[in-house]
Amino acid sequence: MINPSSPSPSPRVAVVTGANKGVGRAVAQQLADLGMTVYLGARDEERGRAAESELRAAGRDVRFLRLDVTDGSTVALAAKQIEEEYGRLDVLVNNAGISTPWRAPSQTPVDEVRRGFETNVVGCITVTNAMLPLLRRSDAARIVNISSVIGSLTAAAENHDPTGAFPDGGFPVILGYSLSKAAVNSLTIMYANELREEGILVNAVSPNWVPTDANDHSGILTLEQGAVMPVRMATLPDGGPTGTFTCSDHTGTGLDLPW
Ligand SMILES: NC(=O)c1ccc[n+]([C@@H]2O[C@H](COP(=O)([O-])OP(=O)(O)OC[C@H]3O[C@@H](n4cnc5c(N)ncnc54)[C@H](OP(=O)(O)O)[C@@H]3O)[C@@H](O)[C@H]2O)c1
């Protein structure tokens with residue numbers, strides 16, 4: 001029986017990095033639609049505030065959080081702000097990412113690889129480590145690392161085209177981006193193993209191929225469909241899977257991906 005005098009349960013608190021557009025914004029929207037308080041991480045205040053006000057217009061509890069994943073001082077300030085406002089964090093979605101141009105490995109400038117790593121890998125680790133003290137105060141913390149099938153070593157091994165171009169039915173090799181997502185998969189397994197005993201579930205999830213600025217708005221799923229598996233992994237029940245690699249699909253069921 002509901003006791004009308006008991007306080008309502010406090011909403012779950014989530015951070016989504018790179019949430020001013022694309023996949024991150026769609027994930028932030030769906031988490032807020034589930035009743036969560038969502039910090040919308042964005043490195044640019046104007047773009048972050050614009051997305052915040054659009055999502056809040058529909059009554060969602062979405063709050064702009066200045067956060068550049070390559071700038072440790074903004075990450076530390078973001079964690080401090082959440083600590084002061086909520087004292088804990090329930091969900092972290094490491095979504096912020098950049099793509100690098102598609103060219104053969106031998107033609108890839110090494111700086112492109114550095115840039116991909118700095119944002120997609122070092123950024124993910126920086127944010128995770130800064131938010132972990134807050135996640136440890138949650139009774140059901142979940143970490144979702146947004147990855148890509150392009151980071152799959154199995155998919156890369158099956159791609160025999162020496163230029164790294166799309167072979168029929170295969171996946172492209174984009175040295176900077178592919179290596180960074182392979183590293184995201186690897187670090188996902190490491191954090192999942194470290195945090196398993198604490199009940200913190202850590203999973204790598206691909207939205208599949210969805211239209212965003214990063215791919216000239218090409219794709220096979222809508223942004224809403226792409227956000228389904230990241231949101232599911234962000235809202236797993238206790239005892240749910242950890243250390244997995246999955247992607248969204250047309251059916252909404254989701255697919256396991258090969259490492
Ligand atoms: N689209 C796909 O088909 C697809 C497939 C597989 C995986 N993914 C992954 O999905 C994630 C989101 O990509 P997207 O396709 O949605 O691309 P997008 O539309 O370009 O969005 C990328 C987001 O990351 C932000 N970002 C970039 N660098 C950042 C930094 N240093 N600090 C904070 N935020 C930063 C961007 O902010 P600004 O607006 O300020 O640039 C933007 O909000 C990425 O991890 C990507 O690898 C996408």
Side-chain angles (χ1 to χ4, degrees), residues 15-30 39-52 54-55 62 64-78 92-102 114-128 130-131 143-152 155 166 171-172 174 176-185 187-188 203-231 233 245-249 255 257:
V15 168
V16 183
T17 65
N20 53 290
K21 65 178 182 180
V23 173
R25 183 186 152 129
V27 171
Q29 177 172 331
Q30 290 186 20
Y39 283 99
L40 183 152
R43 58 179 164 175
D44 179 86
E45 173 147 13
E46 200 176 323
R47 292 194 286 271
R49 293 269 179 219
E52 174 197 55
E54 283 166 24
L55 293 175
V62 172
F64 164 67
L65 182 71
R66 168 143 163 68
L67 197 159
D68 181 333
V69 302
T70 62
D71 178 349
S73 61
T74 70
V75 177
L77 279 174
L92 170 63
V93 181
N94 284 309
N95 165 79
I98 57 166
S99 52
T100 61
W102 177 2
R114 276 203 193 92
R115 278 196 306 113
F117 257 74
E118 195 57 37
T119 301
N120 300 354
V121 183
V122 180
C124 177
I125 295 169
T126 304
V127 176
T128 302
M131 299 296 172
I143 300 173
V144 175
N145 294 329
I146 300 297
S147 185
S148 169
V149 72
I150 292 174
S152 163
F166 259 120
F171 301 98
I174 308 170
Y177 186 70
S178 302
L179 284 182
S180 74
K181 292 301 184 182
V184 166
N185 288 349
L187 72 87
T188 298
N203 291 288
V205 187
S206 167
N208 205 316
W209 183 20
V210 294
T212 66
D213 286 350
N215 59 18
D216 295 328
H217 294 266
S218 57
I220 57 169
L221 299 186
T222 65
L223 271 174
E224 293 66 32
Q225 290 172 318
V228 165
M229 279 307 280
V231 167
M233 298 315 248
F245 182 27
T246 56
C247 79
S248 301
D249 69 349
L255 298 170
L257 288 176

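Every number for a ligand or one of its atoms is a count from 1 in the order of the listing.
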Chemist: Quick check: Ile98 and ligand 1, any N/O pair under 3.5 Å apart?
Modeler: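 No, since none of the N or O atoms of Ile98 sits under 3.5 Å from an N or O of ligand 1.
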
Chemist: Considering non-hydrogen atoms of the protein only, which is the closest contact for atom 10 (O) of ligand 1, and what is the distance?
Modeler: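 Protein heavy atom at minimum distance: Ile146 CG2, 3.4 Å.
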
Chemist: Decide whether an N or O pair under 3.5 Å exists between Arg47 and ligand 1.
Modeler: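 Such a contact does occur with ligand 1.
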
Chemist: Considering only heavy atoms of Trp209, which atoms of ligand 1 have at least one such atom less than 4.0 Å away?
Modeler: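 Near Trp209, the atoms of ligand 1 are 3 (O).
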
Chemist: In the protein, what heavy atom is nearest to atom 17 (O) of ligand 1, and what distance, to one decimal place, separates them?
Modeler: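 Checking every protein heavy atom, the shortest distance to atom 17 (O) of ligand 1 gives Ala214 CB, 3.4 Å.
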
Chemist: Using heavy-atom distances, let me know which of Leu223, Ile150, Thr212 sits nearest atom 15 (O) of ligand 1.
Modeler: Thr212

Chemist: Does Asn208 come within less than 4.0 Å of ligand 1, judged by its heavy atoms?
Modeler: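 Asn208: in contact with ligand 1 (<4.0 Å).
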
Chemist: Considering only non-hydrogen protein atoms, determine which one is nearest to atom 39 (O) of ligand 1 and report residue, atom name and distance to 0.1 Å.
Modeler: Asn20 ND2, 2.8 Å

Chemist: Can you find an N/O atom of Val210 closer than 3.5 Å to an N/O atom of ligand 1?
Modeler: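 Checking ligand 1 against Val210, an N or O pair does fall under 3.5 Å apart.
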
Chemist: Just need the protein heavy atom nearest to atom 13 (O) of ligand 1, so name the residue and atom and give the distance.
Modeler: Val23 CG2, 4.4 Å

Chemist: Treating Ser206 as the side-chain partner and Cys247 as the backbone partner, does any N or O pair qualify as donor plus acceptor under 3.5 Å?
Modeler: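 Flag not set: sc Ser206 to bb Cys247 has no pair under 3.5 Å.
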
Chemist: Could you identify the single nearest non-hydrogen protein atom to atom 18 (P) of ligand 1 and state the distance to 0.1 Å?
Modeler: Lys21 CE, 3.8 Å

Chemist: Please state which part of Leu67 comes within less than 4.0 Å of ligand 1, counting heavy atoms only: side chain, backbone, both or neither.
Modeler: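 Within the 4.0 Å criterion, Leu67 contacts ligand 1 through backbone atoms alone.
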
Chemist: Looking at atom 8 (N) of ligand 1, what's its closest protein heavy atom, distance included?
Modeler: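 The closest one turns out to be Tyr177 OH, 3.6 Å.
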
Chemist: Of all the non-hydrogen atoms in the protein, which one sits nearest to atom 12 (C) of ligand 1, and at what distance?
Modeler: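 Result: Asn95 OD1, 3.2 Å.
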
Chemist: Using a 4.0 Å heavy-atom cut-off, which part of Arg25 comes near ligand 1: side chain, backbone, both, or neither?
Modeler: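 For Arg25, no heavy atom sits under 4.0 Å from ligand 1.
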
Chemist: Between CG of Asn203 and OG1 of Thr246, what distance do you get to the nearest 0.5 Å?
Modeler: 6.5 Å

Chemist: Nearest 0.5 angstrom please: Thr17 OG1 to Leu92 CG, how far?
Modeler: 7.0 Å

Chemist: Check whether any heavy atom of Pro207 sits under 4.0 Å from an atom of ligand 1.
Modeler: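 Distance cut 4.0 Å: Pro207 passes for ligand 1.
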
Chemist: Would you say ligand 1 has an N or O under 3.5 Å from any N or O of Arg43?
Modeler: yes

Chemist: If you measure from each non-hydrogen atom of Ser147 to ligand 1, which part falls under 4.0 Å: side chain, backbone, both or neither?
Modeler: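 Within the 4.0 Å criterion, Ser147 contacts ligand 1 through backbone atoms alone.
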
Chemist: Within a distance under 4.0 Å of any heavy atom of Thr119, pick out the atoms of ligand 1 and give their elements.
Modeler: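 Within the 4.0 Å cut-off of Thr119, ligand 1 contributes 28 (N).
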
Chemist: What residue and heavy atom of the protein are closest to atom 22 (C) of ligand 1, and at what distance?
Modeler: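 The answer is Gly97 O, 3.6 Å.
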
Chemist: Under 4.0 angstrom from ligand 1, any heavy atom of Lys181?
Modeler: yes

